[in-house]
Amino acid sequence: MFSKKLIFLTLTVLLLFNFNLLFGQITLPKILGHNMVLQQGKEVAIWGTANPSEKISVAFAGQSKKTVADNSGKWSVKLHSMKASFTPREMTIKGTNTIILKNILVGEVWFCSGQSNMEYAMRKYSKFQTAEKGNRPPEDDLNTANNPNIRIFLDRRKYMDPSPEHIGWDSAMGRPLVDFSAVGYYFAKDLYTMLHVPIGMISAAVPGSRIEPWIQASKMDIEPKMKNGKILDKLSADGGDPGKFYDTMIQPLIPYTLKGILWYQGESNCFLNENIRYAYKLKTLIQSWRNDWEDKKLPFYFVQIAPYNYSSAKDVRPHTAENLPEFWEAQTLALHLKNTAMVTITDLVDSIADLHPGYKWEVGRRLSLVAANKGYGQKKVICSGPVYQKMKIVNNTIEVTFSNVGSGLASRDKKPLSWFSIAGADGKFVPAKAEIEGNKVLVSASEVQHPYSVRFGWNEAAQSNFINKEGLPAVPFRSDNPWDKLF
């Protein structure tokens, strides 16, 4: 007959053994799972948790990496750079237990984030047309999407905690595609056509979110110093729940190896009548995310928000028709950072009363053009409309020179260019006549005999016909930009 002491010791050992099996096994973050796409051409991070000092091995595509969990149970390895592959392969991760992840491809991985216009799902915007609004019957990609080499991962709030369940990614078709970002999907669809490699898309976007929740709270507690020496108040003073979504949706993704980041956000901050402070917040987000991913050259491409009637919004902060252009200007300041690019969508709005304009397929396409040109070296791909470069005063006319003219400047509807204005030294702007002459635009107004400044699209309702011959809209600007030399 066993003594009570022996029975107690036996039960204790069994409990410890079962506890170890239950809580000491290898656990992976949600982003690592079946059907995922790994980034080609870079070292690939694989990580998780286990027992402290547990020996871990990771095997994939002929590689075998070994490591030991640290005192807190964390471990990570990096697989050597790989070439793109359509061949489905398995990854085996061994420790106390063994995890086998199946059907893994190697290709290009992009992460898209922001607020509702990035979050808006395929169930709302799956009917695809060209940007020329109705030139052909629409196709519904929810019915026709059939490419198993485009994989998607939807980062949901309260979902990203590590788990022994390895549900993984989905192919971009059928039911999983219904809830995925339309912008993200159409970006992937067009990028696949250009690159012909597997594409992985990760989406983390929250409707109505300001930029502050996407930035780690400690990174917001800074006082930006402008080039003129002026110091702004701490960015965190604007509230907005700093770090709220970073902690739950961004941090769990780090350090999943990416090619680049797509960002479509700003409406919620524009309602607050922000300009230069938003520019510094966007700069902080870009630099802090790059630091998190340990890649200072990580491409960051963003969408300039669309025309909208902010001045009629019932808000505690008054708006004028020029507040949105000032916000556009703040967004463009991020272009001072390397490996950034912006797409303009002033032409993709049917009504300025709609904060969520359609044509998400075209937003995705324009982002894919930027990726092709900037990220993949396809310099023949035109990825931007005309961008203000410089001005020259000639008698009573201002000559405006542009970059990104493509194969030439043009009017979308063949009518005179719209939404140009000029002012004299008094700063009073009046509508102006604008004529294309080669790669320049000549701007004049009979009321201004001695012009001093020029503006284009400087109104929240501005949807100009000024494009390049590739059909991409010109970027709104003002030659009297007070911030460009201060960022």
Side-chain angles (χ1 to χ4, degrees), residues 226-228 230 266 270-279 304-313 315 317-333 335 344 346-347 349 352-353 385-403 409 411-413 415-437 439-467 473-487:
M226 293 191 283
K227 287 185 178 180
N228 65 350
K230 181 181 178 181
C270 188
F271 274 114
L272 302 177
N273 204 356
E274 285 196 309
N275 45 53
I276 192 65
R277 290 183 66 79
Y278 182 84
Q304 193 175 53
I305 61 175
Y308 178 73
N309 193 12
Y310 287 93
S311 61
S312 67
D315 189 78
R317 304 189 188 190
H319 283 263
T320 70
E322 293 187 355
N323 288 138
L324 175 57
E326 290 171 357
F327 190 85
W328 287 336
E329 189 175 66
Q331 289 183 291
T332 65
L333 291 177
L335 299 175
T344 297
T346 51
D347 59 326
V349 177
I352 62 168
V387 175
Y388 171 75
Q389 196 169 43
K390 61 182 180 180
M391 58 159 274
K392 179 182 178 181
I393 300 173
V394 181
N395 298 322
N396 64 344
T397 299
I398 294 181
E399 292 184 356
V400 186
T401 304
F402 295 87
S403 61
L409 303 179
S411 167
R412 186 183 301 279
D413 54 10
K415 296 179 180 180
L417 299 186
S418 58
W419 291 101
F420 276 88
S421 60
I422 60 173
D426 60 2
K428 296 180 179 179
F429 283 85
V430 298
K433 177 183 178 182
E435 297 178 305
I436 296 172
E437 186 176 278
N439 289 334
K440 297 179 181 179
V441 173
L442 308 183
V443 189
S444 62
S446 59
E447 302 99 309
V448 182
Q449 292 301 305
H450 302 286
Y452 186 79
S453 303
V454 59
R455 292 179 176 182
F456 165 70
W458 208 250
N459 188 292
E460 65 184 11
Q463 295 175 266
S464 177
N465 57 357
F466 181 31
I467 59 173
V475 180
F477 71 89
R478 57 176 171 175
S479 64
D480 53 325
N481 181 348
W483 305 113
D484 197 48
K485 295 181 180 179
L486 300 179
F487 190 71

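- Proximity of a side-chain donor or acceptor of Gln463 to a complementary backbone N or O of Val349 within less than 3.5 Å is detected.
- You'll find the ring centres of Phe466 and Phe456 inside the 6.0 Å limit.
- Heavy atoms only, all atoms of each residue included: Ile467 and Pro473 are closest at CG2-CA, 3.9 Å.
- Summarising the geometry of Ala474 relative to Thr344, their closest heavy-atom pair is O-CG2, 4.0 Å, with the distance given to 0.1 Å.
- Counting only heavy atoms from C-beta outward, the side chains of Ser312 and Glu460 never approach each other to under 4.5 Å.
- Scanning all heavy atoms of the two residues, the minimum distance from Pro307 to Leu324 falls at CA-CD2, 3.7 Å.
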Distance-only donor-acceptor hits, side chain of residues 416-433, under 3.5 Å, sequence neighbours excluded:
residue : atom : partner : partner atom : Å
Ser418  : OG   : Ser464  : OG           : 3.3
Ser418  : OG   : Asn465  : N            : 3.4
Ser418  : OG   : Asn465  : OD1          : 3.2
Asp426  : OD1  : Lys428  : N            : 3.1

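- Taking the side chain as every heavy atom from C-beta outward, Arg455 and Asp480 approach each other to under 4.5 Å.
- Residues satisfying the ring pair (Phe, Tyr, Trp, His ring centres under 6.0 Å) criterion with Tyr310, sequence neighbours excluded, are Phe271, Tyr308.
- In this structure, the ring pair (Phe, Tyr, Trp, His ring centres under 6.0 Å) partners of Tyr278, at least two apart in sequence or on a different chain, are Phe327.
- Side-chain contact between Gln331 and Ile305 is present, with at least one heavy-atom pair separated by less than 4.5 Å.
- No donor-acceptor pair closer than 3.5 Å links the side chain of Asn395 to the backbone N or O of Thr397.
- Contact of the Tyr388 side chain with the Val475 side chain is not registered, since no non-hydrogen atoms from C-beta on lie closer than 4.5 Å.
- Rounded to the nearest 0.5 Å, atoms NZ (Lys440) and CG (Leu409) are 11.5 Å apart.
- No more than 12 heavy atoms of other residues, nucleotides or ligands sit less than 6.0 Å from atom OH of Tyr452.
- Nearest heavy-atom pair across Ser479 and Ser453 is OG-CA, 3.5 Å.
- Atom-to-atom distance recorded for Glu329:CD and Trp458:CH2 is 4.0 Å, nearest 0.5 angstrom.
- With contacts defined as side-chain heavy-atom distances shorter than 4.5 Å, the pair Gln304/Thr332 qualifies.
- Between Phe477 and Val454, some side-chain heavy-atom pair lies under the 4.5 Å cut-off.
- By the 4.0 Å N-to-carboxylate-O rule, Glu322 lies too far from Arg478 to be salt-bridged with it.
- Trp328 and Gly457 get closest at one heavy-atom pair: CZ3-O, 3.4 Å.
- Separation of atoms CD (Glu399) and NZ (Lys390) is listed at 10.0 Å; rounding is to 0.5 Å.
- Put simply, the side chain of Leu442 does not reach to within 4.5 Å of the side chain of Ile398, judged on heavy atoms.
- The two residues Trp483 and Asn481 come nearest to each other via the heavy atoms N-OD1, 2.8 Å.
- For the residue pair Ser311 and Asn309, a side-chain donor N or O sits within less than 3.5 Å of a side-chain acceptor on the partner.
- Taking CG from Asn459 and OG1 from Thr320, the interatomic distance works out to 8.5 Å, rounded to the nearest 0.5 Å.
- Taking the side chain as every heavy atom from C-beta outward, Leu486 and Lys230 never approach each other to under 4.5 Å.
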